[in-house]
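Bear in mind that the values here come from a model prediction, so they are computed numbers and not experimental data. Every chain is numbered from 1, with letters handed out A, B, ... down the list of sequences. Computed over heavy atoms, backbone and side chain alike; hydrogens, waters and symmetry mates excluded.
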Protein chains: 2
Amino acid sequence: MIRNAKRAPAASLHQRILSDLEHRIVSGQWPPGHRLPFEVDLAESYKVSRMTVNKVLTQMAGAGLIERRRKLGSFVAQPQAQSAILEIHDIETEVRSLNLAYDYRLLEQAKRMASADDIANFGLARKAGVLASRSLHLAGGVPFCLEDRLINLAVVPQAADADFSQTPPGTWLTRQVPWSTAEHTIRAIAADPALARALSIPKHAPCLVVQRRTWNGEGPVTFARFSYPADKHVVVARFTPASST
Amino acid sequence: MIRNAKRAPAASLHQRILSDLEHRIVSGQWPPGHRLPFEVDLAESYKVSRMTVNKVLTQMAGAGLIERRRKLGSFVAQPQAQSAILEIHDIETEVRSLNLAYDYRLLEQAKRMASADDIANFGLARKAGVLASRSLHLAGGVPFCLEDRLINLAVVPQAADADFSQTPPGTWLTRQVPWSTAEHTIRAIAADPALARALSIPKHAPCLVVQRRTWNGEGPVTFARFSYPADKHVVVARFTPASST
DNA sequence: GAGTGGTCTAGACCACTCG
DNA sequence: GAGTGGTCTAGACCACTCG
């Protein structure tokens with residue numbers, strides 16, 4: 001019954017089947033709630049083994065395009081949340097991709113015990129030792145982003161001896177702790193006097209603030225707050241159904 | 001050589017292998033650039049078939065945790081961009097999840113030809129007919145978000161007869177065009193007089209603006225701009241290596 | 001040439017879940 | 001009980017890419 005696999009020619013069978021099924025869903029031909037043919041029937045229609053069809057359907061289920069239920073079959077999902085992929089780059093990379101000269105200045109770096117504020121922001125255990133830093137990223141000689149950062153010395157003890165005067169803490173940390181789990185929050189604020197001074201913008205000027213909390217298997221690694229003048233930064237996120245390709 | 005698969009007990013072989021390999025990478029035991037054992041060796045170590053290992057490695061490659069090269073093997077990737085998943089919900093859902101009463105008011109709805117501004121924002125073909133609307137979402141009786149929207153009548157002709165006085169255009173559109181590709185941008189701005197009036201906030205107060213452009217196989221579907229008072233909205237995005245689970 | 005990943009098959013057994 | 005998806009296997013052939 002499934003004919004007309006007239007999607008763009010794909011390298012492999014399962015890619016061809018994936019784009020074919022995707023097209024039927026995205027085009028509305030198979031609306032939310034529609035039951036897809038069973039695996040065995042799809043396998044027969046496409047003249048492939050059940051494994052190949054299963055691979056495709058498993059991928060589509062992972063991407064949230066369909067929902068699968070034993071005995072009942074596979075159904076086109078109700079699109080609930082738009083789930084978009086946000087790519088958060090290194091600030092130096094970001095500045096250079098704007099074709100601007102990148103510069104960096106360390107403003108403060110100090111070891112201390114976590115304050116009540118730190119604990120609340122960071123989700124730290126009480127009384128943890130942290131390395132706090134504040135630094136300024138410049139693009140084309142103009143303040144681009146103020147970075148406030150805490151590093152958990154319990155998880156990254158080697159940070160105690162790190163020197164961020166040349167290397168930004170984010171770059172240094174990526175080398176020490178390459179992979180981790182993170183949560184980002186993005187909000188707008190009016191610049192308080194200290195922030196306005198640091199970024200050379202008027203008091204109460206709007207700023208975009210991106211905060212990142214990062215965990216490890218061993219606990220909280222770092223908390224970073226990036227404050228951008230409103231005209232300097234836009235966060236972009238893209239979404240394509242079923243990811244990939 | 002791969003022993004000590006002491007990760008949390010997982011339902012299936014490939015899940016167990018996935019979390020084991022993930023752990024080695026995330027913990028730093030296998031740093032970026034490290035070559036993973038070859039598929040045949042992993043299969044032998046874990047006492048599974050090569051297909052099972054291949055499934056795991058394919059998934060990890062898709063998630064960006066490793067890079068695979070024929071003849072050379074699989075390598076732990078250099079973490080380049082933090083890639084986070086952003087879930088963008090319906091505004092009504094969002095308001096209700098804050099335990100606030102949701103209300104909605106249509107302010108304007110008009111059919112017209114796309115202006116130069118529209119064309120630039122939307123990526124429209126020249127002279128397309130659009131349905132423009134402006135509406136206000138309220139939470140607990142207080143302005144929560146101003147929505148400015150354009151719908152491309154060439155792609156969604158049935159919008160010409162739609163009535164957004166009861167149903168917000170986003171909700172209506174999701175029913176008509178359930179799946180599509182989208183691009184989001186998030187920025188901070190100072191409220192201009194019209195926005196300040198609509199949201200009942202002071203002039204120049206900071207606002208978070210989320211813009212969404214949506215495409216279909218047939219072309220641009222809709223352009224939406226959501227403007228939130230800075231204190232009303234935070235965008236949250238989460239990231240876990242290798243997606244899933 | 002040789003070794004890797006990329007893909008696919010035909011078959012199997014099971015868990016789940018419906019009626 | 002029966003039919004679905006979930007998973008796994010052992011084997012196969014190929015494309016790619018290194019030396």
Student: Is A/Glu44 atom CD crowded by more than 12 heavy atoms from other residues, nucleotides or ligands, each under 6.0 Å away?
Tutor: no
Student: Would you please test B/Lys55 and B/Glu39 for salt bridge (Lys or Arg N to Asp or Glu O under 4.0 Å) and show each step?
Tutor: CA-CA 10 Å; B/Lys55 191 173 185 172; B/Glu39 287 192 354; over 6 Å; no
Student: Rounded to the nearest angstrom, tell me the gap between atom CZ in A/Phe38 and atom C1' in D/dG6.
Tutor: 16 Å
Student: With the sugar-phosphate defined as primed atoms, P, OP1 and OP2, and the base as all remaining atoms, what B/S/- string results for nucleotides 9-19 of chain D, 5' to 3', for protein heavy atoms under 4.0 Å?
Tutor: BBBB--BBBB-
Student: Tell me whether the OP1 or OP2 atom of D/dT4 has a side-chain N or O from A/Ser74 closer than 4.0 Å.
Tutor: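 It does not, given that no N or O in the side chain of A/Ser74 lies less than 4.0 Å from OP1 or OP2 of D/dT4.
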Student: Establish, from distance only, whether the side-chain atoms of A/Arg149 and A/Ser133 form a donor-acceptor pair under 3.5 Å.
Tutor: no
Student: Could you state the CZ-P distance from A/Arg35 to D/dT4, rounded to the nearest angstrom?
Tutor: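 A/Arg35 atom CZ is separated from D/dT4 atom P by 8 Å.
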Student: Go through the side-chain N and O atoms of A/His23 and A/Gln29 and say whether any donor and acceptor fall under 3.5 Å apart.
Tutor: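 No pair is found: no donor N or O on one side chain lies under 3.5 Å from an acceptor on the other.
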Student: Specify the separation, in whole Å, of atom CD of B/Glu39 and atom C1' of C/dG3.
Tutor: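 It is 12 Å, rounded to the nearest whole Å.
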Student: Please state how far atom CE in A/Met60 lies from atom P in D/dG6, giving the value in whole angstrom units.
Tutor: 13 Å
Student: For B/Trp30 and B/His34, take the angle between the two ring planes, folded into 0 to 90°, and tell me which bin it lands in: parallel under 30, tilted 30 to 60, perpendicular over 60.
Tutor: parallel
Student: Considering residues, nucleotides and ligands other than B/Arg69, do more than 12 of their heavy atoms fall under 6.0 Å from its CZ?
Tutor: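 No - once you tally the heavy atoms of other residues, nucleotides and ligands closer than 6.0 Å, there are 12 at most.
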Student: Please lay out, stage by stage, how A/Val177 and A/Asn216 fare under the test side chain to side chain contact (heavy atoms under 4.5 Å, CB included).
Tutor: CA-CA 8 Å; A/Val177 189; A/Asn216 215 351; 3.8 Å; yes
Student: Which whole-number value in Å describes the distance from B/Glu67 CD to C/dG5 P?
Tutor: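 To the nearest whole Å, that distance equals 14 Å.
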Student: Measuring centre to centre across the rings, with the benzene-like ring taken for any Trp, is B/Phe144 within less than 6.0 Å of B/His137?
Tutor: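 Between B/His137 and B/Phe144, which both carry aromatic rings, the centre distance is not below 6.0 Å.
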Student: So what does the secondary structure string of DNA chain C come out as, 5' to 3', with Watson-Crick or wobble pairs under 3.5 angstrom, [ ] for crossing and | for pairs with another strand?
Tutor: ||||||||||||||||||.
Student: Round to a whole Å and report the spacing from CG of B/Asn54 to P of C/dC8.
Tutor: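 Between P of C/dC8 and CG of B/Asn54: 11 Å.
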Student: At 4.0 Å (heavy atoms only), tell me whether B/Thr58 reaches a base, stays on the sugar-phosphate, or touches nothing.
Tutor: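 The residue B/Thr58 makes no contact with any strand.
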Student: Starting at CG of B/Asp41 and ending at C1' of C/dG5, how long is that distance when rounded to a whole Å?
Tutor: 13 Å
Student: To the nearest Å, how far apart are B/Lys55 NZ and C/dG5 C1'?
Tutor: 18 Å
Student: Could you go step by step and tell me if B/Arg16 and B/Asp20 meet the salt bridge (Lys or Arg N to Asp or Glu O under 4.0 Å) rule?
Tutor: CA-CA 6 Å; B/Arg16 216 197 77 226; B/Asp20 190 38; over 6 Å; no
